2 protein chains.
Amino acid sequence: MATVKDVARLAGVSTATVSRALANPEVVSPVTRRKVEKAAAEVGYSPNGLARSLRKSESKTIVVVLPNIDSTFFSDVVHGIEALAHKHGYKLLIGDAGNESSRLGSYFELFESKQVDGVLSLSSDVPESMIINSAGEIKLPIVIAGEYFSDIPVPTVHIDNHYSAKKGVEYLIMMGHYKIACITGKRSNPIYNARVNGHTETMKKWKIPVTEDRILECDLSYIAGYNLGKQLLSLDNKPSAIVCHSDEAAIGVLKIAREMNIPVPSELSVIGFDNLALSEYCVPELTTIHQPRQLIGETSMKLLLEILAGKKPNPEMTLPTQLIVRESACPPPVDQRLQVDL
Amino acid sequence: MATVKDVARLAGVSTATVSRALANPEVVSPVTRRKVEKAAAEVGYSPNGLARSLRKSESKTIVVVLPNIDSTFFSDVVHGIEALAHKHGYKLLIGDAGNESSRLGSYFELFESKQVDGVLSLSSDVPESMIINSAGEIKLPIVIAGEYFSDIPVPTVHIDNHYSAKKGVEYLIMMGHYKIACITGKRSNPIYNARVNGHTETMKKWKIPVTEDRILECDLSYIAGYNLGKQLLSLDNKPSAIVCHSDEAAIGVLKIAREMNIPVPSELSVIGFDNLALSEYCVPELTTIHQPRQLIGETSMKLLLEILAGKKPNPEMTLPTQLIVRESACPPPVDQRLQVDL
DNA sequence: CTGAAAGCGCTTACAG
DNA sequence: CTGAAAGCGCTTACAG
């Protein structure tokens, strides 16, 4: 591999000049620049990024940590991040945590080892020790896309999970449902905890008793939705509606309902969460909560860019969601309808 | 940030000894080791990966290049790669090319700039100039997961696209179909070119005329399948079967068929490709060609590991596919059936 | 506008 | 078992 030295020798200048001619052409005389460019091309010079980063103490790289690479949810978020990152000369490194918060660690360490300038975590499930040092300060440039509660204000961009879950449940209650079950994620994750709280508080507000065995936790995959859906629909007093905290899980429910010959939505309403592309392609099309995924990505990156520029960014951004009404939810059968006085 | 120097000072030894004690504890006396470990912990030392990589001329990082991050196809492949990579101490960097072969370039350059030790391309659409130098040799450690044709044997792991496409078409022909359309990817991509060849050659083998306007190229997304499906199903002499070269496109076709009140499979058979998780969750469940995604990932990584170890690996690995029969394909209506003499 | 020199933080022959 | 010294390839005050 050719180095600055080779170029310098061939061009008959110093390595300092080579470096300048290539990085700041305007500070070098036109003829020198020409000579250097020619020499560089001739030897096929390509700068060593490691050496540059080491010397400049910046890598112009950030790592985006995904909770898992399986969900198509993250691809739009990554698109949003990419757009902004590239515009500002940052490279993206994507790390997959495979749903294990232990594996997050190796990606966070990339900052300590100076291989990245900052971290964008799309996982909310981050142990505080990875972010905060013994003095109680944030120890690296980081933005978390998701809910995060801490004494220290970690910059965060998220939707209002509590309110979004509430909107979904209210939509069902307004249509007369009261036997409403819920398939959610691990409640150790603040995102799902907030949604479940939104769910139960709304139920209570309408004087609908909440039965804990109708709120089921899982990894929100297709198969989990299918299995938990089966469990719910096998209950003696089975629900007239199931709200799922992912579209995938909702599609799993759709499948088991079909197999059990329970027509959706006439006998079972199903609501998803995320509004993934595929929610328009299932049968029936899914009523769901839209998350502004691209915007989440852009906003997170914007915040991180501000941090990297030494500014104190807004510590928290809440982005809007939207109930998308399609075909999978409707009023329940008359005998299962709640009479509400509005 | 603490450096070896800080640790050395505190432990009362040289930086060389610090480096040894941390990297090769066994070559250092137990007491020194203890001292160094204590000092390192005390100052919160974390080695600078950049400096180490620069010095050792290896980064223990490889980049996995995805054609686009949107398709869930790649997540299992990445899982396969990850498993093996981590076991061998390699970190994974994931680059998204966003379906533009120009963007591949920036990821390939990570090798020249020494930030990665090798490249694993999940995109087949790689300009030869990115791989081969002016002397006609492969200029970086690379494995391509996909079809790749070149005078130079670039290590490749792939399925037999020609044969797999053939199997799908033959399945339809055996059931009596002859009006078989095809929704495929860009034929500039060797993968899809091979599949189309498999498709048309099989048709010809059975003396079924191939009409070019029934072979449509697109990006194989849901919406592309939907739109091209509409185009095909609006034809005067519309097909009795559509084979799609992705499951997403097939699901798009399923949707437009539903909207046009064309029952699948009784009046229209649809076959997908990939056997993604969601192909079991659509209606009707999709008959499709299974690709061993995890195995593709593992095998590619295995090859790359061999290259990185200085061995000459098998230049080409072909992995098996499988026709997965579900509900979306059946014999065509009697009046559209081909009589074949077996 | 240009060059000599220092230094980013590490590792590794080499010598003892 | 340990240390002094060189060097990976770059960039940047500093001096001219």
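We use all heavy atoms of the structure for the numbers below, so side chains are in, but hydrogens, waters and symmetry mates are not. Naming convention: chains lettered A, B, ... in sequence-line order (proteins, then strands); numbering from 1 in each chain. Computed from a predicted model, the values in this text were never measured in an experiment.
Looking at residues two or more places apart in sequence or on another chain, you find a side chain to side chain donor-acceptor pair (under 3.5 Å) between B:Ser29 and B:Thr32.
Considering only side-chain atoms of B:Thr32, the nucleotide from C:dT11, D:dC1, D:dC8 that sits closest is D:dC1. Checking D:dT12, C:dT11, C:dT2 against every side-chain atom of B:Lys56, the shortest atom distance belongs to C:dT11. Picking from C:dT2, C:dT11, C:dG9 the nucleotide with the shortest atom distance to the side chain of A:Arg20 gives C:dT2. When distances run from any side-chain atom of A:Pro47 to the nucleotides C:dT11, D:dC10, D:dC1, the shortest one goes to D:dC10.
Look at the C1' atom in both D:dT12 and D:dG16: the space between them is 16 Å, to the nearest Å. On the P atoms, D:dA15 is 22 Å away from D:dT11, given to the nearest whole Å.
For C:dG3, the OP1/OP2 oxygens have a side-chain nitrogen or oxygen of A:Thr17 closer than 4.0 Å. An OP1 or OP2 oxygen of C:dG9 is reached within less than 4.0 angstrom by no side-chain nitrogen or oxygen of B:Thr3. For the OP1/OP2 pair of D:dG3 and a distance below 4.0 Å, the side-chain nitrogens and oxygens of B:Ser14 include at least one atom meeting the criterion.
When each of B:Ser57 and B:Ser29 is assigned the nucleotide of DNA chain D bearing its nearest heavy atom, the one mapping closer to the 5' terminus is B:Ser29. Along DNA chain C, the nucleotide closest to A:Ala16 and the one closest to A:Glu26 are compared, and the more 5′ of them pairs with A:Glu26. Each of B:Thr15 and A:Val31 has a nearest nucleotide on DNA chain C; the 5'-most of these lies closest to A:Val31.
The pairing partner recorded for C:dG16 is D:dC1, the criterion being a Watson-Crick or G-U wobble arrangement whose two distances lie under 3.5 angstrom.
The closest side-chain heavy-atom distance from A:Lys302 to A:Leu305 is not below 4.5 Å.
Between A:Glu82 and A:Lys91 there is no salt bridge, since no side-chain nitrogen of the basic residue lies less than 4.0 Å from a carboxylate oxygen of the acidic one.
A donor-acceptor pair shorter than 3.5 Å can be found between the side chains of B:Asp219 and B:Ser221.
Distance CG (B:Leu22) to C1' (C:dT12): 16 Å, rounded to an integer number of Å. Atom CG of A:Leu50 and atom C1' of D:dC10 are 11 Å apart (whole Å). Look at CG on B:Asp6: it is 11 Å from C1' on C:dG9, rounded to the nearest Å. If you take CZ of B:Arg52 and P of C:dC8, they are 18 Å apart, rounded to a whole angstrom. Between the CD atom of A:Glu112 and the C1' atom of C:dC10 there is a distance of 17 Å, given to the nearest Å. The distance between atom NZ of B:Lys114 and atom P of C:dG9, rounded to the nearest whole Å, is 23 Å. The CG atom of A:Leu54 sits 9 Å away from the P atom of C:dC8 (whole-angstrom rounding). The distance from atom CG of A:Asn24 to atom P of C:dC1 is 12 Å, rounded to the nearest whole Å.
When each of B:Asn193, B:Thr156, B:Asn161, B:Asn189 is paired with B:Glu147, the side-chain hydrogen bond (donor to acceptor under 3.5 Å, both in side chains) condition holds for B:Asn161 and for no other. Just one residue in the list A:Ile296, A:Leu92, A:Thr299 forms a side-chain contact (heavy atoms from CB on, under 4.5 Å) with A:Ile81, and that residue is A:Leu92.
Within the nucleic acid shown, B:Ser53 has no heavy atom closer than 4.0 Å to any nucleic acid atom.
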